[in-house]
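Below you'll find the structure, written out as structure tokens, and then a few comments.
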Protein chains: 2
Amino acid sequence: MSWSRQGRKRRGYHHGNLRETLIAAALDLIAEKGPAGFTFAEAARLAGVSPAAPYRHFRDRDALMADVARRGFERFAAELARAWDEGRPEPFEALQNTGRAYLAFARTEPAYFTAMFEAQLPPDLDPELARAADQAFAVVRQASETLCARLPKPTRPPSLMVSLHVWAMAHGIATLFARGDAARRALPMPPEDLLEAGLLVYLGGLGLGGDQNR
Amino acid sequence: MSWSRQGRKRRGYHHGNLRETLIAAALDLIAEKGPAGFTFAEAARLAGVSPAAPYRHFRDRDALMADVARRGFERFAAELARAWDEGRPEPFEALQNTGRAYLAFARTEPAYFTAMFEAQLPPDLDPELARAADQAFAVVRQASETLCARLPKPTRPPSLMVSLHVWAMAHGIATLFARGDAARRALPMPPEDLLEAGLLVYLGGLGLGGDQNR
DNA sequence: AGCTCATGTAAAGGGCTTTTACATGAATTG
DNA sequence: CAATTCATGTAAAAGCCCTTTACATGAGCT
């Protein structure tokens with residue numbers, strides 16, 4: 001075919017960087033048209049290769065999706081960890097920062113978020129995927145543990161349970177209200193404020209209220 | 001309700017109840033293979049009609065999905081309302097019942113739940129869909145309002161905010177932990193108990209704690 | 001009985017997925 | 001440096017799905 005150097009990228013018969021290019025194309029397509037709007041064929045088209053070429057790099061469409069999800073969880077974990085910052089300047093505020101980071105990721109990286117939580121991937125597809133997801137949850141887990149440690153032992157709740165509550169509230173707000181563009185419901189306040197208030201009330205209910213948090 | 005040949009083989013050229021049969025087939029397929037595993041063509045096959053027949057009843061595949069989602073929200077709203085039971089026997093317990101109903105619906109009706117929250121339907125597809133969803137949320141809204149009314153005005157939080165927190169926590173737990181089968185994470189307790197504890201802490205944080213709730 | 005129209009079918013165009021056989025050329029090796 | 005290897009590309013094809021169009025059927029009304 002006379003595709004004489006249409007895109008300046010490709011220099012010859014071989015693409016040279018197809019795997020990464022396909023992932024970038026998938027992110028674009030998912031962000032633009034939802035997780036169902038991404039097709040192997042169109043990613044290949046964007047990369048300027050034939051529809052069969054992607055199969056040299058991914059077993060099938062789901063494998064690419066799983067790779068996107070895994071990368072997403074890795075970035076997500078990094079963002080959350082950065083926000084938590086080992087509890088600095090102070091655990092309560094650091095947890096609020098982590099919550100904001102959760103929502104920010106859902107909003108600014110809808111493609112990753114979608115692949116991570118809504119692509120309905122067979123969970124046994126990739127052990128690395130589960131590991132990356134666990135790493136993200138570990139940040140919330142660590143934050144909850146630090147906060148729980150402030151409570152006197154007799155009234156101290158199981159920190160795992162607390163982390164699940166925190167995660168659930170953040171995730172619920174993210175999926176119901178903080179998604180990129182569409183299914184958003186009219187809110188009386190920004191999702192970030194909603195989550196901040198929710199965590200404040202919840203932690204208050206644990207006995208982590210008032211001055212000891214500032 | 002079953003005025004037509006439900007469950008029987010069609011006897012003639014016309015099916016007689018294709019619309020309902022297609023919806024039933026869609027529910028089966030979604031429950032079995034996820035929302036992406038449902039195809040118009042296969043639903044038609046299950047109903048014993050040609051691939052073009054469904055277009056006499058639904059504009060396209062998304063329209064059928066939207067109808068399933070709408071019906072799901074209607075049932076969901078009914079289940080939540082039944083659990084809330086106008087705050088009987090007592091608002092705090094009634095809210096816990098409502099939370100359990102939320103999780104129960106997610107678990108026992110994965111097909112509806114999936115169509116409602118994860119089918120990525122264009123939100124402007126069907127005004128009835130949005131109305132039905134609002135009706136479900138109205139139950140949580142009403143419950144939160146009733147509970148907030150117990151607080152003295154000076155410390156009373158906006159009940160809309162409270163309802164959003166309750167909804168987010170229930171939805172987060174439902175989507176992360178209480179789904180039908182697959183993406184479930186190992187939990188130290190049943191999702192129902194997790195939600196009950198979360199609501200207890202949260203409401204305690206609002207000042208709705210202790211004896212006044214029993 | 002005859003008509004009408006909702007509801008079905010057949011056929012076809014276009015797209016996606018995945019496999020198989022073959023082509024290319026970059027990297028390795030003698 | 002030349003030959004070979006093998007990862008990475010293409011072409012072609014089978015199978016499935018979505019959707020439209022033209023046509024067929026027969027249920028219900030007059």
Side-chain angles (χ1 to χ4, degrees), chain A residues 1-26 28-30 32-68 119-122 125, chain B residues 3-6 8-26 28-30 32-68 115 119-122 125:
Chain A
M1 297 299 145
S2 59
W3 44 262
S4 55
R5 191 167 311 228
Q6 293 180 353
R8 61 271 149 226
K9 278 172 119 184
R10 191 162 174 201
R11 280 168 294 181
Y13 187 91
H14 292 91
H15 182 286
N17 197 22
L18 185 52
R19 188 181 177 95
E20 294 302 318
T21 302
L22 286 172
I23 287 176
D28 285 352
L29 290 172
I30 294 170
E32 185 188 345
K33 303 187 289 184
F38 143 71
T39 71
F40 230 33
E42 189 159 2
R45 212 173 301 132
L46 285 183
V49 296
S50 77
Y55 290 85
R56 296 297 180 191
H57 299 273
F58 301 96
R59 191 163 41 70
D60 57 20
R61 188 185 174 283
D62 271 5
L64 198 171
M65 196 64 118
D67 207 67
V68 170
Q120 316 256 160
L121 296 171
L125 240 189
Chain B
W3 47 267
S4 68
R5 51 205 83 160
Q6 203 174 24
R8 293 191 190 173
K9 270 190 178 173
R10 59 192 293 215
R11 280 172 292 183
Y13 188 91
H14 291 91
H15 182 284
N17 197 20
L18 184 52
R19 189 181 176 94
E20 295 300 320
T21 301
L22 286 172
I23 287 176
D28 286 352
L29 292 171
I30 295 170
E32 185 188 344
K33 302 188 289 185
F38 143 72
T39 70
F40 230 33
E42 190 159 2
R45 213 173 300 132
L46 286 183
V49 296
S50 77
Y55 290 84
R56 297 297 180 190
H57 299 274
F58 301 96
R59 192 164 39 72
D60 57 19
R61 186 184 175 284
D62 272 5
L64 197 171
M65 196 65 115
D67 208 66
V68 170
Q120 316 256 159
L121 296 171
L125 240 188

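Letters go in sequence order (proteins before strands), and every chain restarts at 1.
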- [ ] For residues B:R59 and B:L125, determine if any side-chain heavy atom of one lies less than 4.5 Å from a side-chain heavy atom of the other.
- [x] yes

Task: Nearest-angstrom distance from the residue atom CG of A:D62 to C1' of C:dT17 - done: 11 Å

TODO: Would you indicate what B:A41 reaches in the nucleic acid, counting non-hydrogen atoms under 4.0 angstrom: base, sugar-phosphate, or nothing?
DONE: sugar-phosphate

TODO: Nearest whole angstrom, please: distance from the C1' of D:dC6 to the CZ of A:R56.
DONE: 10 Å

Task: Inter-residue atom distance A:F58.CZ - A:M65.CE, 0.5 Å rounding - done: 12.0 Å

Open item on the list: Quick check: on DNA chain D, is the nucleotide nearest A:R19 upstream (toward 5') of the one nearest B:A52, or the reverse? Name the residue that is more 5'.
Closed with: A:R19

Open item on the list: Within the 4.0 Å heavy-atom criterion, would you say B:R45 contacts the bases, only the backbone, or no part of the nucleic acid?
Closed with: sugar-phosphate

Task: Euclidean distance, atom CG of residue A:N17 to atom P of D:dA7 [Å, nearest integer] - done: 18 Å

Task: Nearest-Å distance for atom pair CZ/P, residues A:R61 and D:dC17 - done: 15 Å

TODO: For A:R59 and C:dT17, give me the distance from atom CZ to atom P, rounded to whole Å.
DONE: 15 Å

Open item on the list: Expressed as a whole number of angstroms, how long is the span from B:F38:CZ to D:dC18:C1'?
Closed with: 11 Å

TODO: Working to the nearest 0.5 Å, report the span between CD of A:E42 and CG of A:L29.
DONE: 5.0 Å

Task: Candidate nucleotides D:dG9, C:dT9, D:dC18, ranked by approach to the side chain of A:H57 - the nearest - done: D:dG9

Task: Whole angstrom value for the distance that separates C1' of C:dA6 from OH of B:Y55 - done: 19 Å

Open item on the list: Taking the minimum atom-to-atom distance to the side chain of B:T39, which one of D:dC18, C:dT7, D:dG9 wins?
Closed with: D:dC18

TODO: Can you measure from NE2 (B:H15) to CG (B:L22) and round to the nearest 0.5 angstrom?
DONE: 7.5 Å

TODO: Would you mind reading off the distance between A:F58 atom CZ and C:dC16 atom C1', rounded to a whole angstrom?
DONE: 18 Å

